[in-house]
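In what follows, a single structure is set out as C-alpha cells and then discussed.
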Amino acid sequence: MDKIRIRGGRPLRGSLAVGGAKNAALPLMTASLLTDETLTLAQLPHLADITTLANLLAQHGVVFGMDGSAPQDGAAGRVIELTTREITSTTAPYDLVRKMRASVLVLGPLVARCGVAKVSLPGGCAIGARPVDLHIKGLVEMGAQIELEGGYILASAPNGLHGARIVFPTVSVGATENLLMAASLAKGETVLVNAAREPEVTDLARCLIAMGAEIEGLGTDTLRIQGKDRLHGAYHTIVPDRIETGTYAMAAAITGGDLELINGRLEHLQSVTKVLGGAGISFTETERGFRVARANGVMTGVDVMTEPFPGFPTDLQAQMMALMCVADGAAMITETIFENRFMHAPELARMGAKITVHGASALIRGVPRLTGAPVMATDLRASVSLVLAGLAADGETEVNRVYHLDRGYERLEEKLSACGADIERVKAG
Ligand SMILES: CC(=O)N[C@H]1[C@@H](OP(=O)(O)OP(=O)(O)OC[C@H]2O[C@@H](n3ccc(=O)[nH]c3=O)[C@H](O)[C@@H]2O)O[C@H](CO)[C@@H](O)[C@@H]1O
Ligand SMILES: C=C(OP(=O)(O)O)C(=O)O
C-alpha cells in the first residue's frame with residue numbers, strides 16, 4: 001500500500017489552488033439521475049470517491065462524457081457530462097454502496113424518477129453509526145412505501161411521490177439532499193424544515209434550479225420546493241471545496257507559513273476564520289481567493305465545538321486538533337456531530353502531542369514541537385490531520401493507508417510540495 005513520507009519543519013509559502021468540493025460533487029452527480037438530458041458539471045475534482053460514485057451511476061445507466069471545451073464562467077478543472085437517457089437498473093448493490101456512504105444519495109432520485117429503488121444500507125463507518133432513518137422517514141412522508149430486507153432499502157411509489165412538510169429532528173446534510181432531489185420531481189409542494197444549510201446543499205439546490213426545479217429558501221433552514229413533472233439538462237460549476245480550503249489554511253498556520261488559497265471562499269469559512277483568528281491566524285482577501293498566515297508568529301490555544309453550518313465543520317475538527325497540538329496553551333475541542341471522530345488523537349499522541357479525550361471532548365495541551373513517527377488513520381480527515389502534524393514535526397513522518405487521503409484530496413503531495421513542503425508518495429512494492 002502507498003505511503004506519504006514527510007520531512008517536517010518547512011514553512012509553506014506561495015499559492016495553492018483549491019478544487020471543486022467533493023461533498024458538492026457527489027450529490028450533484030446523483031442529480032443527473034433526475035433527467036434524461038445531459039447534466040454538465042465543471043470543476044469536478046479527481047478523487048477516489050468520485051470514481052466510486054461514477055461506477056455506481058454507470059450501472060444505473062448514466063453515460064459519462066468529457067466535454068472537450070474550456071469550462072464556462074472562467075472556471076478551471078474538469079468538465080464532465082452525465083446523461084441518463086434510461087435508468088437501466090434501480091438497484092444500488094452492497095458491493096458498490098459499502099465503499100462510500102454518499103452512495104445512498106441515489107435513493108431519492110431513483111424513487112422519484114422510476115417509482116422504485118433497491119439501495120443497500122450503507123452501514124456504519126469509522127466515525128460513527130451514521131444511520132439513514134431520516135432519509136427513509138422523509139420519503140415515507142412523501143408517499144413511498146419502504147421496507148428493509150436483507151440489508152437493502154426497498155422503496156416503491158407506484159403512483160409517484162407527493163409533496164409533504166418534513167421536519168428534521170436533527171440537521172442532516174445527506175437527508176436534506178436526498179429529499180431535495182426527490183421533491184423536485186414530486187407532485188405538489190414539499191417543505192423541508194430544519195434543513196441543512198451547508199454550502200454544498202445550496203450548490204445542489206442551485207443546480208436543480210438550473211435543471212428547471214422551483215426551490216425557495218436557499219441558504220436558510222427552510223427549503224420550499226414545488227415539484228415538476230420533469231427536469232432538463234443544465235451546466236453547473238461546482239462550488240470550491242471549503243474543507244480542502246480550510247485544511248490548507250491550517251497547513252499554512254501549523255508550519256508558520258504564508259499561503260494564498262486560490263478559489264478559497266472566506267464566506268464559507270466564517271466560523272473557521274473566527275476561531276483561527278482567535279488563535280492568532282490572519283486572513284486577507286485577494287483577487288483570486290485569500291492569504292493566510294500567523295499574524296505575529298505565535299499561535300495560541302482556542303476552544304472549538306463542531307456544529308452544522310454555519311458552525312465549525314466536523315470535517316475540519318481533526319485538522320484543528322493537529323494545529324492545537326503545537327499552539328501556546330490549552331485547547332478544548334468538542335465533537336457534536338459524530339460519536340467516534342477522535343481516532344486521530346492516539347496517532348497524534350505518537351508524535352508527541354498531549355491529548356486527553358473525555359467523551360465528546362478532547363483537551364489538548366500545546367507542546368513546542370512534535371516529532372515525526374509512522375502513523376495511520378481510519379478516515380479521511382484524520383489522515384490529513386496527520387499530514388499537517390507531519391509538516392510541522394521534527395524529522396520524518398510516514399502516513400500509512402493513503403487511500404483515505406485519495407478519497408478527498410486531489411494531488412495533495414504535489415500541491416504541498418509546490419509550496420515548499422518536503423513530502424512524497426512512496427509507492428508500494
Ligand atoms: C458526502 C458528504 O456530504 N458527507 C458529509 C455529510 O455527511 P452526512 O450527510 O452523512 O452527514 P449528516 O449531516 O447526515 O449527519 C449528521 C448527523 O446526523 C445523523 N443522522 C444522519 C442521517 C440520518 O438519517 N439519521 C441520523 O441520525 C448522523 O449520524 C450524524 O450524527 O455531512 C457531514 C456533516 O457535516 C460531513 O461530515 C460529511 O463529510
Ligand atoms: C466524512 C466525510 O465523508 P463521507 O460522508 O463521504 O464519509 C468527509 O468528507 O470528511
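Keep in mind the model is a prediction, meaning the values are calculated, not measured. Indexing begins at 1, ligand by ligand and atom by atom, following the structure's order.
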Atom pairs, nitrogen or oxygen, ligand 2 to protein, under 3.5 angstrom:
| from | atom 1 | to | atom 2 | distance (Å) |
| --- | --- | --- | --- | --- |
| ligand 2 | 3 (O) | Lys22 | NZ | 3.1 |
| ligand 2 | 3 (O) | Arg407 | NH2 | 3.3 |
| ligand 2 | 5 (O) | Arg130 | NH2 | 2.6 |
| ligand 2 | 6 (O) | Lys22 | NZ | 3.4 |
| ligand 2 | 6 (O) | Arg407 | NH2 | 2.9 |
| ligand 2 | 7 (O) | Arg130 | NH1 | 2.9 |
| ligand 2 | 7 (O) | Arg407 | NH2 | 3.4 |
| ligand 2 | 9 (O) | Lys22 | NZ | 2.9 |
| ligand 2 | 9 (O) | Arg381 | NE | 3.4 |
| ligand 2 | 9 (O) | Arg381 | NH2 | 2.7 |
| ligand 2 | 10 (O) | Asp315 | OD1 | 3.2 |
| ligand 2 | 10 (O) | Arg341 | NH2 | 3.1 |
| ligand 2 | 10 (O) | Arg381 | NE | 2.7 |

Taking atom types as modelled, find out whether Gln319 and Thr247 have a side-chain donor-acceptor pair closer than 3.5 angstrom.
yes
For Arg206, look at atom CZ and say whether over 12 heavy atoms of other residues, nucleotides or ligands are found less than 6.0 Å away.
no
I need the contact residues for ligand 1: any residue with a non-hydrogen atom closer than 4.0 Å to the ligand, ordered by chain then number.
Asn23, Ala102, Arg130, Pro131, Val132, Asp133, Leu134, His135, Val171, Ser172, Val173, Gly174, Thr314, Asp315, Ile337, Phe338, Arg341
Between the side chain of Arg265 and the main-chain N/O of Arg242, is any donor-acceptor distance below 3.5 Å?
no
Report yes or no: does Ser32 contribute a side-chain atom to a donor-acceptor pair with the main-chain N or O of Leu82 at less than 3.5 Å?
no
Are Asp406 and Arg425 within salt-bridge range, i.e. N to O under 4.0 Å?
yes
Without swapping roles, check the side chain of Tyr152 against the backbone of Tyr94 for a donor-acceptor pair under 3.5 Å.
yes
Main-chain N/O of Phe168 paired with Asn194 side-chain donor or acceptor, under 3.5 Å
yes
If the threshold is 4.0 Å, N to carboxylate O, is there a salt bridge linking Asp49 and Arg101?
no
State whether the side chain of Glu339 and the backbone N or O of Glu335 hold a donor-acceptor pair below 3.5 Å, judged by distance alone.
no
